[in-house]
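Structure, as structure tokens:
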Number of protein chains: 2
Amino acid sequence: MAKPSAPPTVAGPPPSARPITSVDLAAFSLADDQLRVLLVRPTPFGASAADPWALPSSEIAIAQDADLQGCARRTALAILGKIPPYLEQLGSWGSADRDPRGWAATHVYLVPVFAEAAGSSGREGMVQAAWHPIRESTTGLRLALDHARILAAAVARLRNKAEYTSVVAHMLPDEFTLPDLQHAYEVVLERPMDKSAFRTRMLSGTLLQPLNRYREGLRRPAMLYRLKTRRSIVHFPRSLQAKA
Amino acid sequence: MAKPSAPPTVAGPPPSARPITSVDLAAFSLADDQLRVLLVRPTPFGASAADPWALPSSEIAIAQDADLQGCARRTALAILGKIPPYLEQLGSWGSADRDPRGWAATHVYLVPVFAEAAGSSGREGMVQAAWHPIRESTTGLRLALDHARILAAAVARLRNKAEYTSVVAHMLPDEFTLPDLQHAYEVVLERPMDKSAFRTRMLSGTLLQPLNRYREGLRRPAMLYRLKTRRSIVHFPRSLQAKA
DNA sequence: CTAATAGTGTCTGTAAGACATTATAGC
DNA sequence: GCTATAATGTCTTACAGACACTATTAG
């Protein structure tokens with residue numbers, strides 16, 4: 001306790017060892033009409049079907065990471081090849097028994113991104129990465145550590161935020177139509193939505209910028225839009241489907 | 001990397017040192033018609049007015065804490081004398097420079113509690129603790145480390161959640177009246193609220209249990225209520241004051 | 001009775017839900 | 001013309017906001 005400017009600690013003696021500290025990503029995208037999450041696995045060397053998939057994770061690199069977001073961005077860059085414009089803290093999970101190596105705490109970020117299908121999105125460096133569809137009843141996949149629980153929380157948060165924010169739009173490409181956007185919401189929320197109410201909701205406020213160009217299609221062309229900003233999400237005045 | 005069941009790490013070599021890891025509390029109460037936050041300071045020995053106040057904080061005690069919530073409960077017990085029924089993860093702050101001792105990450109919990117005024121709530125063990133009123137423009141107090149920023153985020157979250165949840169009720173005693181509750185919301189949100197709409201909102205749903213007893217007062221007595229559960233908050237169907 | 005606080009009733013505004021209708025493309 | 005999809009219009013419902021009104025206590 002003779003260290004410089006140590007903040008007051010409430011109770012107990014100074015601890016001896018420190019927890020393993022990491023940042024995990026719950027990165028979501030939409031491909032082939034499915035909500036998908038990015039999972040990784042060690043390199044093919046010795047990787048068998050028994051090896052569990054895991055959320056992308058990096059231990060904090062003290063010499064390299066300026067802060068938690070920086071670590072999250074580094075992790076995303078390594079595996080996605082780009083830094084996502086919108087990252088949101090989901091929460092943190094820490095306990096004595098969630099990692100067999102010892103007391104471990106992880107800071108989890110929710111990352112909605114646009115990504116093409118690309119069944120198994122190549123291996124980036126040392127790991128194999130793939131977009132796994134989110135199936136019913138918490139994926140069913142057996143993931144490493146407590147990642148199944150974290151993923152369940154991430155899916156719940158994503159769906160909940162879809163009820164009152166523009167978060168789903170961040171999983172679409174730069175230019176999209178309102179029917180595209182509605183379809184994306186329907187995929188995430190797993191229920192059909194009313195066209196008229198949906199359009200009013202999305203077009204009110206400062207969310208979208210119309211491009212005054214049209215997507216040529218099989219039938220009547222649809223107006224193209226772009227997000228005014230990809231850096232943040234917009235909150236709508238009311239939540240959808242206010243349950244009785 | 002030859003450790004048992006190590007999860008795949010996305011990039012970079014295994015780190016050498018681990019961050020200092022702690023749990024901080026942003027505990028709020030209502031006393032004397034003011035929103036207050038619990039702050040601590042090292043024991044009076046050598047404590048001067050120059051010593052900054054800080055949020056209650058505990059480093060993770062690997063041998064003692066089962067998980068992050070456990071650490072938060074231990075911290076709350078040490079300083080409040082009781083374990084609060086409702087704790088909510090606010091977020092985590094971690095960076096190379098927020099603590100002069102080195103890379104430090106803290107997991108912050110938002111804790112609304114009922115607490116009497118008690119100007120300086122005695123010293124519990126090694127620290128001095130007091131409920132400080134939340135003043136305009138982020139308190140104005142100079143706090144230890146980056147606690148001023150964390151506190152600002154906590155106040156923002158508390159006020160935001162007051163707009164669409166029952167969180168404010170957790171800062172009232174076990175039994176209270178609807179006028180009590182409305183006054184509490186008005187203190188937190190710093191604006192007057194409509195009586196009729198407020199009552200409808202609070203009485204719909206499963207939030208309150210009427211006790212069929214009355215608070216005797218100066219004028220007409222008011223019905224007493226109790227929270228159906230103190231362990232969780234209730235979400236209302238709409239946010240208040242849907243801004244244009 | 002009056003004063004003060006507790007509690008209710010009525011009307012309006014906003015935005016979502018349901019669903020019908022019109023518009024514009026290819027064929 | 002027909003079909004499919006894009007976009008709009010109309011009506012209903014739920015609930016917050018404003019505010020008037022009634023109810024119950026002390027004195």
Side-chain angles (χ1 to χ4, degrees), chain A residues 33 160-166 168 172 175-186 189-225 234-244, chain B residues 33 160-166 168 172 175-186 188-208 210-225 234-244:
Chain A
D33 290 351
N160 189 252
K161 282 224 150 180
E163 299 280 358
Y164 63 97
T165 73
S166 65
V168 173
L172 292 183
E175 301 187 357
F176 53 86
T177 67
L178 279 177
D180 289 344
L181 185 55
Q182 180 173 348
H183 184 68
Y185 270 89
E186 289 173 338
L189 292 175
E190 294 183 315
R191 68 170 189 260
M193 311 205 52
D194 180 78
K195 202 190 336 184
S196 177
F198 183 84
R199 295 176 65 89
T200 312
R201 186 178 175 92
M202 294 301 159
L203 291 176
S204 71
T206 59
L207 178 62
L208 298 178
Q209 181 176 32
L211 297 177
N212 297 315
R213 288 185 286 111
Y214 292 86
R215 153 95 43 87
E216 307 291 330
L218 299 166
R219 306 295 168 182
R220 174 174 173 179
M223 175 71 78
L224 284 164
Y225 293 86
V234 168
H235 289 243
F236 300 118
R238 292 192 197 168
S239 195
L240 292 171
Q241 193 168 280
K243 301 106 188 171
Chain B
D33 290 351
N160 190 252
K161 282 222 147 180
E163 300 279 359
Y164 64 95
T165 73
S166 64
V168 173
L172 291 182
E175 300 186 357
F176 53 85
T177 67
L178 279 176
D180 289 344
L181 185 56
Q182 181 173 346
H183 183 68
Y185 271 89
E186 288 172 339
V188 171
L189 292 175
E190 294 182 316
R191 69 170 188 261
M193 312 205 54
D194 181 76
K195 204 189 340 182
S196 177
F198 184 83
R199 296 176 64 91
T200 311
R201 188 177 173 91
M202 294 300 158
L203 291 176
S204 72
T206 58
L207 178 60
L208 298 177
L211 297 177
N212 297 316
R213 288 185 287 112
Y214 293 86
R215 151 95 43 88
E216 306 292 330
L218 299 167
R219 305 295 170 183
R220 173 173 172 181
M223 175 72 79
L224 284 164
Y225 293 87
V234 169
H235 290 241
F236 300 119
R238 288 194 201 165
S239 195
L240 291 171
Q241 194 169 281
K243 301 105 187 171

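Here is how names work: the chains are called A, B, and so on, in the same order as the sequence lines, proteins then strands, and each is numbered from 1.
Atom-to-atom distance recorded for S166(B):OG and K161(B):NZ is 9.5 Å, nearest 0.5 angstrom. Taken to the nearest 0.5 Å, the OH atom of Y225(B) stands 4.5 Å off from the CG atom of L203(B). To the nearest 0.5 Å, atom CG of residue L189(B) and atom CD of residue E163(B) are 5.0 Å apart.
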Nucleotides 18-27 of chain D: protein proximity per nucleotide (B base, S sugar-phosphate only, - neither; heavy atom, under 4.0 Å): BB---BBBB-

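If you check every strand for non-hydrogen atoms under 4.0 Å, M193(A) touches nothing. At the heavy-atom level, R201(A) lies under 4.0 Å from the strands shown only through sugar-phosphate atoms.
Counting atom types as modelled, R238(A) pairs a side-chain N or O with a base atom of dA15(C) as donor and acceptor under 3.5 Å.
Here dT5(D) presents its P atom at 13 Å from CD of E186(A), a figure rounded to the nearest Å. Atom CE in M202(B) sits about 16 Å away from atom P in dA6(C), given to the nearest Å. The interatomic distance linking Y214(A) (OH) with dT24(C) (C1') rounds to 10 Å, in whole Å. The OH atom of Y185(A) sits 13 Å away from the P atom of dG17(C) (whole-angstrom rounding). One interatomic measurement links the two molecules: CD of Q182(A) to P of dA18(C), which rounds to 12 Å at whole-angstrom precision. Atom CZ of F198(B) and atom P of dA6(C) are 12 Å apart (whole Å). Whole-Å rounding puts the R191(A) CZ to dA16(C) C1' distance at 11 Å. Between L203(B) atom CG and dA16(D) atom C1' there is a gap of 15 Å when expressed in whole angstrom units.
Distance alone, capped at 3.5 Å, is enough to place a donor-acceptor pair between the R201(B) side chain and the R238(B) backbone.
Using a 4.5 Å cut-off on side-chain heavy atoms (C-beta onward), R191(A) and L240(A) make contact.
Listed candidates were dG17(D), dA7(D), dA6(C). Nearest to the side chain of A222(A) is dA7(D).
For D33(B), the side chain to side chain donor-acceptor pair (under 3.5 Å) partners are H183(B), not counting sequence neighbours.
Ring orientation note: the planes of H235(B) and Y164(B) are tilted relative to one another, at an angle of 30° to 60°.
Put simply, R199(B) has a side-chain N or O that comes within less than 4.0 Å of OP1 or OP2 on dG7(C).
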